[in-house]
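FYI, side chains are in, hydrogens and waters are out, and symmetry mates aren't considered; it's all heavy atoms of this structure.
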Number of protein chains: 2
Amino acid sequence: MPGETIRNMEDFASVSGISRPTVSKYFNNPDSVRPKTRERIEAALDRYDYRPNIYAVNQNRQQTKNIGIVVPFLSDPFFSEIARTIETLVIEAGFRPILLSSHGTSEQEIDNLETLRSVKPAGVLFAPLGRASDKLAIETFCKNVPTVLFDSNLDGMGEAFIGSDNASFVNQTVEYLCRSGTPPCFFEMRTPANPNANKRRTAYIEAMEREGHDPVVHKVSGQGWGFEEIGRAGAHAAFDAGELTNGTVLCSNDRLAIGFLAAAYERGLRVGRGEECDLRVASHDDHPFSRFTCPSLTTAAHDYSAVAKHSVKSMFELIESGGHLNAREETLYPARLILRDSA
Amino acid sequence: MPGETIRNMEDFASVSGISRPTVSKYFNNPDSVRPKTRERIEAALDRYDYRPNIYAVNQNRQQTKNIGIVVPFLSDPFFSEIARTIETLVIEAGFRPILLSSHGTSEQEIDNLETLRSVKPAGVLFAPLGRASDKLAIETFCKNVPTVLFDSNLDGMGEAFIGSDNASFVNQTVEYLCRSGTPPCFFEMRTPANPNANKRRTAYIEAMEREGHDPVVHKVSGQGWGFEEIGRAGAHAAFDAGELTNGTVLCSNDRLAIGFLAAAYERGLRVGRGEECDLRVASHDDHPFSRFTCPSLTTAAHDYSAVAKHSVKSMFELIESGGHLNAREETLYPARLILRDSA
DNA sequence: GAAAAAACTTTACGCGCGTAAATTTTTGAG
DNA sequence: CTCAAAAATTTACGCGCGTAAAGTTTTTTC
């Protein structure tokens, strides 16, 4: 039916019988035109599949509908899950999410921020790498682009921070483990990539002292984001040294625990809370795979959904308030203990 | 030092002492201007951090530097890994990757293609959902945007297809399993989301007949992309029915196998090739997690890197040839058998 | 060192749309 | 039906840049 080709809004306006400025108004907000006008435009929209040129639109609008989402490592199912949730919320709000992964390196993280700057996003949801991050570059970015941090906090950067309460994670696991058996030692990386790891160690030590036990921290070496393999190798090394072979082990995060459990299995050690078991293992994060480890992993779960929702909400508030909030709020959500078979 | 604020290329040209058209040439290709000119521009670039407005650029250029990448399910580490590889190659080529996940639903897949259409990408790398995909909408998209399919083929769509050779996966696992023990039965979903699953079943049946054994296909029910849980529940159901408790099981993919192994563990069944074991389990994909299952999973690995490289290469050829290739090539890469402890 | 080639400058137009101002038409309450 | 308010139309400009054409300067070639 389209006799002519629609090249731009001018063409589309003429076939719909409405003037171009009104059509422009419609695309900015369909409710801003009279219902009858809206009908006529949508009827034309039905016959011709015209859509405004996004580049012309963004050039002239004061603000784009782009929302940047940056995560440190998208291949980690934890981040892909939270990114997915955030993406969905952003789309529902009528914005366009732009998802970028830093692939574990500071260079890519900075590249991502550069990329985002060039697309002039209305707002950015940013989970930094943590220790490896280029703080100066990030600070500059946050000053120029309305940014909300999530998952990993960087002191004072961004207009708000939303994450999980590491103390809540550790307090629950430590309390449970102490109550139900031998007190746990803490299993972590020597040089953790993420600031949450440090908070968890500190919380572990405090919780143990509160419970009246001596904290024992076991650090394993390893670089990069291959946490499972680091956990596996570290566990083997510990077992070889005659450590950790009985009692209770609390891993800093699930990915380390996955590696730890693999090592235990490889050595024929039985993990679980039964009489016949050699040791108990628990962890934090409720990683999507933690349900399928052998045995299934007792862990403390993030409130994914709450963190995602609050982050998105804060960001839109930030946008509406013109890019700056009165005070930088830090919101932490408590964890939920998930008892499975490993401890 | 910047006394004035650089608002656009005009301003930047004047502070660099070069005319705007030449500066424009420079940004399109720094080598297209005289070395001395380039130096002067880059000196100015050093003092002022001007960057061309991406929207104005894309509005006026005949082609953007955007490359769409669509995967069916980014929370699946298999897809996040291949997406990461592709992303890197695209960036190296000087283009801007736009990564979109269909989150397992056809609606989102179509939305993603719509989104891509609006950003006028130079090319698209597209891994469709498969069975659930809206073939008609995809066909229309492929006609309008230079598209290369990967991972999952859709007959005749896109200008090329690059994937893995399912027969190669299954032939190697079946041959190995038959040679080293009891012939495997095949464990899969009743209604697999992905066309590769059908090819694997067919290849299994043919391979078994070639080896002189009766093929046995065990189908489990379940919907969606929670393959691990489907595998776990399906395995329990089979074990409850007294099936699969001894012998050899070949899973259609690693995620099903991960669930299967969890179920076996939960029932105290020993998996592996030792005398004391109850059954052997093997699978296909070399999922990032398959190294850490208990026991570690014997599987057939994709040539991730080859598929990614070839896909990107084909897409750039497609772009250079103006959007159409003479013939639609289908390239399949063979698998590599990875022997671990489960079989 | 002169001529040819290459690179640059100047000038100008157009891309598709947001948006403002002035004017005309439509709507809805009384 | 009247009239004010609301909505649409007409007209016009500008966003920042790609790009073409014509003229000027610089570099290369022999």
Is any side-chain N or O of B/Ser24 closer than 4.0 Å to OP1 or OP2 of D/dT19? no

Partners passing side chain to side chain contact (heavy atoms under 4.5 Å, CB included) against A/Ala122 (at least two apart in sequence or in another chain): A/Gln63, A/Ile67, A/Phe95, A/Ile319

Between D/dT19, D/dG18, D/dT26, which nucleotide gets closest to the side-chain atoms of B/Arg34? D/dT26

From CD1 of B/Ile54 across to P of D/dG18 the rounded distance in Å is 12 Å

Given atom CG of B/Asn29 and atom P of C/dA7, what is their separation to the nearest angstrom? 12 Å

Of the candidates C/dT11, C/dG16, D/dT10, the side chain of A/Ala56 sits closest to C/dG16

Euclidean distance, atom CZ of residue B/Arg40 to atom P of D/dT25 [Å, nearest integer]: 15 Å

Identify the residue among B/Pro128, B/Ser152, B/Ser133 that makes a side-chain contact (heavy atoms from CB on, under 4.5 Å) with B/Pro195. B/Ser152

Any donor-acceptor pair under 3.5 Å from B/Arg96 side chain to B/Ile91 backbone: no

Out of C/dG16, D/dG18, C/dT19, minimum distance to the side chain of A/Gln59 belongs to C/dG16

Quick one, B/Asn8 and B/Asn53 - any side-chain contact, counting heavy atoms below 4.5 Å? no

Interatomic distance where CD belongs to B/Glu10 and P belongs to D/dG14 [whole Å]: 14 Å

With a 4.0 Å limit, can you tell me whether B/Gln62 has a side-chain N or O closer than that to the phosphate oxygens OP1/OP2 of C/dC15? no

Can you tell me which nucleotide in D/dC17, C/dC17, D/dT19 comes closest to the side chain of B/Asn8? D/dC17

Looking at the side chain of A/Arg61, which of C/dG18, D/dG16, C/dT9 is the nearest nucleotide? C/dG18

Main chain of B/Ser311, side chain of B/Ser314: is a donor-acceptor contact present, judged purely on distance under 3.5 Å? no

Using whole Å, report how far CZ of A/Arg7 lies from C1' of C/dG14. 14 Å

Integer-rounded Å distance: D/dT9 P and A/Lys36 NZ: 13 Å

Report the distance from atom CZ of B/Arg20 to atom P of D/dG18, rounded to the nearest whole Å. 7 Å

Within the structure, does a side-chain N or O atom of A/Thr22 lie under 4.0 Å from either OP1 or OP2 of D/dT9? yes

Canonical and wobble pairing (Watson-Crick, G-U, under 3.5 Å) of DNA chain D, dot-bracket with |: ||||||||||||||||||||||||||||||

Measure from the side chain of A/Asn60, starting at C-beta and using heavy atoms only, and say which of D/dA8, D/dA12, D/dC15 lies closest. D/dC15

Could you label the plane-to-plane angle of the A/Phe27 and A/Tyr50 rings as parallel, tilted or perpendicular, counting under 30° as parallel and over 60° as perpendicular? perpendicular

B/Thr37 has its side chain closest, among D/dA8, D/dT11, C/dA7, to C/dA7

Return yes if some donor-acceptor pair links the side-chain N/O of B/Ser101 with the main-chain N/O of B/Leu74 below 3.5 Å, else return no. yes

Rounded to whole Å, OH of A/Tyr50 lies from C1' of C/dC17 at a distance of 8 Å

On a heavy-atom basis, which atom in B/His103 and which in B/Phe73 lie closest, and how many Å separate them? C-CD1, 3.5 Å

If you check every side-chain atom of A/Asn53, which of C/dC17, D/dG18, C/dT11 has the closest atom? C/dC17

